[in-house]
K.L.:
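Input: one structure, supplied below.
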Amino acid sequence: MKLRVIKLLALLAFPFLTASAADVNMKFGKPTQEEMQMTTYDADPQADAVVLCRLTDVEYTVQTSSFLTDYREKVRIKVLKPSGARFAKVVVPYLMNMSVGGDMGGLRSSFMTIPMDRISGSSAFQEQDGPMSDGVTGFEGDESVEDIKATAFNLEGSKVVKTSMKKSAITKTKIDDNNYQIEFTIPEVKQGTVIEYEYRVHSSVFWQLHDWYAQCDIPVVYAKLDMNIPNYLIFNIEDQGIQRLTYTVTKGSLKYKIESDPLANPMYVNTNHYVYVGRDLKAVTNEGYPWNVLDLCAGITTELKSYRLPGMNQMDYASSWDKVDQMILNSEELGKRLTDHSPLADEINAAGIKDIADQRERVAAVFRLVMNHVKWNGKYALCPAPTAETLKKGEGTNADINLLLIQSLAEVGIISAPTILRTRDLGMLPYNFPSLRKVSTFMVCVVLPGGKKGFVDASARADGVIDDLPPIMLVERARVLYNGRKGEWVNLQKLYAPKK
């Protein structure tokens, strides 16, 4: 398996020599004759389809006390083989009922609120100094998918036949309380078809930019991301992937009008203008790579670093991992419950677990007692339910059970701490900046004699053997959170040693 991964990485390290994005058709609605007559993609003759052009524009709108974000997406795909007709189905994810902090694994904390200027009138966004607003508020936001258009172009003889998708082909699906998706299927897509579609995601979740990946499981001739972001919002941005994107960052401006005074003259806010371009990108598949293939894809991920409005001091958000630590440790659902007494305290005392001399055996005994009361439901999470609720249900996520485990370990004198991570199926944590949004769950770190650390998780085997973790949690970067002192990075992959 490792050899196949190495071959994939080596293959992706070299650019195409036969493909060129110099003459990309940026105009949508009328594919060129070359696109219509194309039968194979020279740089990848086995490809069943190829993305000819993808344009993504991220535009901000300034409001009196907030912002709106529009993601405008345009895609053109050439279907080269019958199997490529699968790209006729398009899925667009979007968010609902999101809140600052609420979208961070469900945790709520005073660190997860954004201060907003409540000054009304035309002065709200003027570039001037003034007193800082006393108002501190959380934000809730929704997204919607609008302006959907999709067309199939087929060459019949010498004539290009255009088939537009009807609105009745669009369906909406609820995934969970926060995640939804729009699906649509473009008609008359077959070998030889040129597919074009576009849509707009209208978002009030301005503090969280969508991740953007230029590569997918078919080649991409040209992909461009254009973001014009008001300089009141500062994002950390990580450019990732084996094939690299080219990019520019320039200063720009954005014109807007004050909502409360439509007759006032337009005003301007300075912006940071980012443009990322990918050319002649190879297809990336998960063959030989057992975890999230997006780790290999050229793209960008972001996290809000700081935020301010005129007349206000700058607020640091996820500006450092220490800050992320404090967000979690101060959260109502997790951090502030860590020191609560275990609802299993009487049973723990009755079982005499505290008298077990060997600390590893003591940890295992607590683990088994907890798992006799609650079963893991197969799900990983960051935000736990109250332990009383978990016990009543008799099952829960790993976070639900791990919180109960930490409380129960304290009853027998075992020091433990939550250890946050992103499971391997979801991809790696960013290396270049801190990110609460990317953290997906936590396990339990126990402090053993001599200060040595051991790790347990509710998703592991029920016998409670320390460091016997499922492969999905054996990540290079996990962070132990301590109350009262600095967090610490640990490499959980070092725990794994193949059994002889």
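Only heavy atoms go into these numbers, but all of them, side chains included; no hydrogens, no water, no symmetry mates.
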K.L.:
When you compare the side chain of Leu55 with that of Phe28, does any pair of heavy atoms fall below 4.5 Å?
P.N.:
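The answer is yes; the side chains approach within 4.5 Å.
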K.L.:
When you measure from the side chain of Glu143 to the backbone of Leu95, do you find a donor-acceptor pair of N or O atoms at a distance under 3.5 Å?
P.N.:
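Yes: the side chain of Glu143 pairs with the backbone of Leu95.
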K.L.:
State whether the side chain of Asp44 and the backbone N or O of Lys282 hold a donor-acceptor pair below 3.5 Å, judged by distance alone.
P.N.:
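Absent.
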K.L.:
Regarding Lys438 and Asp211, does a basic nitrogen lie under 4.0 Å from an acidic carboxylate oxygen?
P.N.:
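Yes, this pair counts.
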K.L.:
Check whether the side chains of Glu333 and Ser331 place a donor and an acceptor atom closer than 3.5 Å, and report yes or no.
P.N.:
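No, no side-chain donor-acceptor contact under 3.5 Å.
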K.L.:
Let me confirm one number: the OG1-CG distance from Thr387 to Asp340, rounded to the nearest 0.5 Å.
P.N.:
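One finds 7.0 Å between OG1 of Thr387 and CG of Asp340.
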K.L.:
Tyr222 pairs by side chain to side chain contact (heavy atoms under 4.5 Å, CB included) with which of Asp280, Val277, Leu52, Asn25?
P.N.:
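When side chain to side chain contact (heavy atoms under 4.5 Å, CB included) is applied between Tyr222 and each of Asp280, Val277, Leu52, Asn25, only Val277 qualifies.
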K.L.:
Would Arg479 and Asp325 pass as an ion pair if we require N to O under 4.0 Å?
P.N.:
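Salt bridge present between Arg479 and Asp325.
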K.L.:
Using only atom types and a distance under 3.5 Å, with no angle test, would you say the side chain of Glu59 pairs donor to acceptor with the backbone of Asn228?
P.N.:
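No, Glu59 side chain to Asn228 backbone: no donor-acceptor pair under 3.5 Å.
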K.L.:
Are side-chain heavy atoms of Pro418 and Ile406 found at a separation under 4.5 Å?
P.N.:
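Pro418 reaches Ile406 side chain to side chain.
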K.L.:
Hey, are the side chains of Val58 and Ile229 touching, using non-hydrogen atoms and a 4.5 Å cut-off?
P.N.:
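Heavy-atom side-chain distance check fails, nothing below 4.5 Å.
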K.L.:
With a 4.0 Å cut-off, would you call Glu73 and Arg54 a salt bridge?
P.N.:
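A salt bridge links Glu73 with Arg54.
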K.L.:
Is the shortest heavy-atom distance from the side chain of Leu338 to the side chain of Leu403 under 4.5 Å?
P.N.:
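Leu338 reaches Leu403 side chain to side chain.
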K.L.:
Does the Arg477 side chain pair with the main chain of Arg422, one donor and one acceptor, at a distance under 3.5 Å?
P.N.:
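Side chain of Arg477 to backbone of Arg422, a donor-acceptor pair under 3.5 Å: no, none is there.
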K.L.:
Decide yes or no on side-chain contact (heavy atoms from CB on, under 4.5 Å) for Asn270 and Lys251, but give the supporting numbers first.
P.N.:
CA-CA 7 Å; Asn270 293 328; Lys251 299 297 182 183; over 6 Å; no
K.L.:
If you look at every heavy atom in Ile195 and Ile186, which pair is closest and at what distance?
P.N.:
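Taking Ile195 first and Ile186 second, the nearest heavy atoms are CG2-CD1, 3.3 Å.
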K.L.:
Regarding His202 and Asp142, do their side chains bring together a donor and an acceptor under 3.5 Å, going by distance alone?
P.N.:
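On atom types as modelled, these side chains do not qualify, holding no pair under 3.5 Å.
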K.L.:
Any non-hydrogen side-chain atom of Gln240 less than 4.5 Å from a side-chain atom of Met428?
P.N.:
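With C-beta onward as the side chain, the pair stays apart.
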K.L.:
Using side-chain contact (heavy atoms from CB on, under 4.5 Å), reason through Val221 and Val50 one step at a time and then give a plain yes or no.
P.N.:
CA-CA 7 Å; Val221 178; Val50 57; 3.8 Å; yes
K.L.:
Establish, from distance only, whether the side-chain atoms of Thr423 and Asp425 form a donor-acceptor pair under 3.5 Å.
P.N.:
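Present: a donor and an acceptor within the cut-off.
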K.L.:
Is a side-chain donor-acceptor pair under 3.5 Å present for Asn330 with Lys336?
P.N.:
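Result is no, nothing qualifies.
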K.L.:
Closest approach of Thr419 and Leu421, non-hydrogen atoms and distance?
P.N.:
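Taking every non-hydrogen atom into account, O-CD2, 3.4 Å.
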K.L.:
Please verify the inter-ring angle class for Phe67 with Tyr232; under 30° counts as parallel, over 60° as perpendicular, anything in between as tilted.
P.N.:
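Tilted, since the angle between the ring planes falls between 30° and 60°.
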K.L.:
Is the side chain of Asn231 donor-acceptor paired with the backbone N or O of Val269 at a distance under 3.5 Å, no angle test?
P.N.:
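No, because the side chain of Asn231 does not come within donor-acceptor range (under 3.5 Å) of the backbone of Val269.
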K.L.:
Using side-chain heavy atoms (C-beta onward) and a distance below 4.5 Å, is Phe455 in contact with Val480?
P.N.:
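Yes, at least one pair of side-chain atoms sits under 4.5 Å.
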K.L.:
Would you give the length of the straight line joining atom CG of Asp457 to atom SG of Cys445, rounded to the nearest 0.5 angstrom?
P.N.:
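Rounded to the nearest 0.5 Å, the CG-SG separation comes out at 12.5 Å.
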K.L.:
How close do Asn432 and Glu238 get, heavy atom to heavy atom, and via which atoms?
P.N.:
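Shortest heavy-atom separation between Asn432 and Glu238 comes out as N-OE1, 2.7 Å.
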K.L.:
Between Gln407 (side chain) and Arg337 (backbone), is there a donor-acceptor pair under 3.5 Å?
P.N.:
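Checking the backbone N and O of Arg337 against the side chain of Gln407, a donor-acceptor pair under 3.5 Å is found.
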K.L.:
State the CG-CD1 distance between Asp468 and Ile466, to the nearest 0.5 angstrom.
P.N.:
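It is 11.0 Å, given to the nearest 0.5 Å.
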K.L.:
Please report the shortest heavy-atom distance between Asn398 and Ala381, naming the atom on each side.
P.N.:
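The pair with the smallest heavy-atom distance is OD1-N, 3.0 Å.
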K.L.:
Taking the side chain as every heavy atom from C-beta outward, state whether Val293 and Asp217 have any pair of such atoms under 4.5 Å apart.
P.N.:
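Contact flag for Val293/Asp217 side chains = no.
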K.L.:
Rounded to the nearest 0.5 Å, what separates atom CD1 in Ile182 from atom CD in Glu146?
P.N.:
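Going from CD1 on Ile182 over to CD on Glu146, the span is 10.0 Å.
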K.L.:
Could Lys393 and Asp400 be called an ion pair, given the rule that one side-chain N must be under 4.0 Å from one carboxylate O?
P.N.:
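Asp400 and Lys393: not salt-bridged.
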K.L.:
Donor-acceptor check, side chain of Glu476 to backbone of Gln493, threshold 3.5 angstrom: yes or no?
P.N.:
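Such a contact is absent between Glu476 side chain and Gln493 backbone.
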K.L.:
Which pair of heavy atoms, one from Phe87 and one from Asp48, lies closest together, and at what distance?
P.N.:
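Closest heavy-atom pair between Phe87 and Asp48: CE1-OD1, 4.4 Å.
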K.L.:
So Val92 and Tyr180, side-chain contact (heavy atoms from CB on, under 4.5 Å) or not? Walk me through it.
P.N.:
CA-CA 9 Å; Val92 183; Tyr180 290 71; over 6 Å; no
K.L.:
Evaluate the side-chain contact (heavy atoms from CB on, under 4.5 Å) criterion for residues His273 and Asp226: first the C-alpha distance (whole Å), next the side-chain angles of each, then the deciding distance (0.1 Å), finally the verdict.
P.N.:
CA-CA 7 Å; His273 187 193; Asp226 190 314; 2.7 Å; yes
K.L.:
Between the side chains of Tyr380 and Ser440, is a donor N or O closer than 3.5 angstrom to an acceptor N or O?
P.N.:
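No - no donor-acceptor pair under 3.5 Å links their side chains.
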K.L.:
Under 4.0 Å between a Lys/Arg side-chain N and an Asp/Glu carboxylate O for Arg72 and Asp57?
P.N.:
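Result for this pair is no, no salt bridge flagged.
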K.L.:
CD1/Ile234 to CG/Leu304 distance, rounded to the nearest 0.5 angstrom?
P.N.:
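If I round to the nearest 0.5 Å, the distance is 9.0 Å.
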K.L.:
So does Pro230 get a backbone contact from the side chain of Thr271, meaning a donor-acceptor N/O pair under 3.5 Å?
P.N.:
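Checked: no pair found.
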K.L.:
Is Lys375 paired with Glu395 through a side-chain N to carboxylate O contact shorter than 4.0 Å?
P.N.:
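Salt bridge: no.
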K.L.:
Can you tell me if Asn178 uses its side chain to pair, donor with acceptor, with the backbone of Met96 under 3.5 Å?
P.N.:
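Such a contact is found between Asn178 side chain and Met96 backbone.
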K.L.:
Please find the pair of heavy atoms, one from Gly427 and one from Asn292, that lie closest to each other, and give the distance.
P.N.:
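Taking Gly427 first and Asn292 second, the nearest heavy atoms are N-CB, 3.4 Å.
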K.L.:
Only one of Trp212, Tyr71, Tyr274 clears side chain to side chain contact (heavy atoms under 4.5 Å, CB included) with Met227; which?
P.N.:
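Option passing the side chain to side chain contact (heavy atoms under 4.5 Å, CB included) with Met227: Tyr274.
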K.L.:
So, Gln215 side chain and Gly299 main chain: donor-acceptor pair closer than 3.5 Å or not?
P.N.:
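Side chain of Gln215 to backbone of Gly299: no pair is present.
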K.L.:
Let me confirm one number: the OH-OG distance from Tyr482 to Ser416, rounded to the nearest 0.5 Å.
P.N.:
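If I round to the nearest 0.5 Å, the distance is 11.0 Å.
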K.L.:
Are Val366 and Ile414 close enough that some pair of their side-chain heavy atoms sits under 4.5 Å apart?
P.N.:
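Result no, sub-4.5 Å side-chain heavy-atom pair not found.
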